[in-house]
Each structure stands twice: as structure tokens, then as C-alpha cells.
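Numbers for residues simply follow the sequence, beginning at 1. When a ligand or atom number is given, it counts from 1 through the structure's own listing order.
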Amino acid sequence: METITLAIAKGRTAERTMELLNSIDIHFRDFHEQSRKLIFYNPDRSIKLLFVKAVDVPTYVEKGAADIGIAGKDNILESRADVYEMLDLNIGKCQFVIAGKSGGQLETQQNLTIASKYPNLTKKHFSKKGMDVDTVKLNGSVELAPLIGLADYIADIVETGTTLKENGLSVIEKVEDISTRLIVNKASFATKSAETQQVIQQIETAVR
Ligand code: PRP
């Protein structure tokens, strides 16, 4: 059997992802989230784990550096990676929304500036509404942008709503339901068919 390379995301879904893998007896003995190590193997070395930034998981899979990835739908859509999306793992559930100052409505007349970690997804959403918006790409603390005049609105992920609330912002439009998905490299799906199918089926069983 060939080794399967699996890329998983650091950050808020890492613990749930690892619990899911452990539940189907896929263990990485020396893995822990604070480790500075980035590559881990299961005991029989049939699976190699890459522990990477969430936003990069689709790229690793598209380029074939990983055969399988566990990635947020937000990052899959933003990357526009050409991969197979096989399963919804039902973890990391949240929503991609447009938000602004509380009580505000989306101003459709003026030329809007939207701050986001997801400029592609943002542009796509507004172009479906027939609106051409300017985007400001930020890598975090996006909620700050409308408060200091850097943008009119933000396009971001909301999970509990706490960050919006604590910064005096509220949801203006819900755009998309987001959750963690299992994605597969297209070539690996053909050339390592037995190995990838085995891992996918195990994970599917655990999810069900
Ligand atoms: C994400 C997102 C929001 C926040 C939403 O940021 O960009 O800022 O979580 O979560 P909530 O609705 O539960 O408050 P993250 O925590 O990844 O930090 P970041 O600002 O550094 O990107």
C-alpha cells in the first residue's frame, strides 16, 4: 500500500478533526497542537500527516503535496482550488456573512469597500447581486475595519457572534453555510484509488 498524505488545518477545528481521526483508529502518537513539528506519521506509517495553516490546505491538495485534505468550505471557495470535495464532516459549522455597524442596512447606491480575509468570495457574492465592490484584504481582526473607516462593511465568518457583538457590529446578510469538508487531489483519486477510498470510507463511517 502506498502512503497517503493527509493535510489538516491548524486552529479552531484541529482538535475536533483529530478526535474524528482517533475515533477511526488513526493516531499520530507524538501529535499535539502546540508542537512546532509539522509532519507526523501513524504507527504503521501508512498515513503521513501535514499540519498546516487552514487557508493553505486546499493548495496542498490541489498541487498534490497532500492526497487528502480536511479544510473549511470558506478556504476551499476562496482558493478556487481544483479538487474533489467528497464529504461534509459537520464540524466547524459557521456562516459566511456580510456585517456592518449595528442597525445599518446595506447601502447599495454608493461604491462600497468591503474588508475581508476572503476577497474572491466577497467579489463573487456582490457580483451575483450586480454590484462591483472594492475589497481590502486583511488577515485577521477584520471587525476593526468599519470601526476605523477602512471599509464600509466586512465579509467574514461568524460562529458564536461574540466578535461582532463586542465590536458593535451585526449581520446584514447571510451568504453561505460553512463547515469542514474532506477534499481529495484529482490525480491521487485515480492513481491511489484503493488507499484514498479506504481513508474516505473510514472517515465517512465516523461522520455518520
Ligand atoms: C474568526 C472570524 C471572526 C471570529 C468569529 O476569526 O474571522 O473574527 O472568528 O467568531 P465568533 O462569531 O465566534 O466570535 P479568528 O478567531 O480566526 O481570528 P482572526 O481575527 O485572527 O482571524
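- A donor-acceptor pair under 3.5 Å links the side-chain atoms of Glu62 to the main chain of Asp82, judged by distance alone.
- Formation of a donor-acceptor pair under 3.5 Å by the Asn42 side chain with backbone atoms of Ser46 is found in this model.
- Closest protein heavy atom to atom 14 (O) of ligand 1: Thr163 OG1, 2.4 Å.
- The main-chain N or O of Glu107 is found under 3.5 Å from a side-chain atom of Tyr153 such that the two form a donor-acceptor pair.
- Arg12 NH2, 2.9 Å is the protein heavy atom nearest to atom 9 (O) of ligand 1.
- For atom 21 (O) of ligand 1, the closest heavy atom belonging to the protein is Gly140 CA, 3.9 Å.
- No single ILVMFWY cluster, assembled from side-chain heavy atoms under 4.5 Å apart, contains both Ile114 and Val171.
- Both the backbone and the side chain of Thr160 come within 4.0 Å of ligand 1, counting heavy atoms alone.
- Every atom of ligand 1 with a heavy atom of Ser141 under 4.0 Å away is listed here by number and element: 19 (P), 20 (O).
- Counting the atoms of ligand 1 from 1 in the order shown, those under 4.0 Å from a heavy atom of Asp156 are 2 (C), 3 (C), 7 (O), 8 (O).
- Scanning both residues, Thr135 and Pro119, for their nearest heavy atoms gives OG1-CB, 3.8 Å.
- Placement of Val158 and Leu147 within a single hydrophobic cluster is found when ILVMFWY residues are connected by side-chain heavy-atom separations under 4.5 Å, directly or transitively.
- In summary, the aromatic rings of Phe51 and Phe28 are positioned with their centroids too far apart to meet the 6.0 Å limit.
- The protein atom (non-hydrogen) at minimum distance from atom 3 (C) of ligand 1 is Glu143 OE2, 3.2 Å.
- In terms of heavy-atom proximity, Glu85 sits nearest to Arg181 at OE2-NH1, 2.8 Å.
- Among protein heavy atoms, atom 5 (C) of ligand 1 sits closest to Ile157 O, 3.4 Å.
- For ligand 1, the atoms lying closer than 4.0 Å to a non-hydrogen atom of Val158 are 12 (O).
- Per-residue contacts place Thr162 under 4.0 angstrom from the following atoms of ligand 1 (heavy atoms of the residue considered): 12 (O), 14 (O).
- The nearest protein atom to atom 22 (O) of ligand 1, hydrogens excluded, is given as Lys117 NZ, 2.5 Å; this is a heavy-atom distance.
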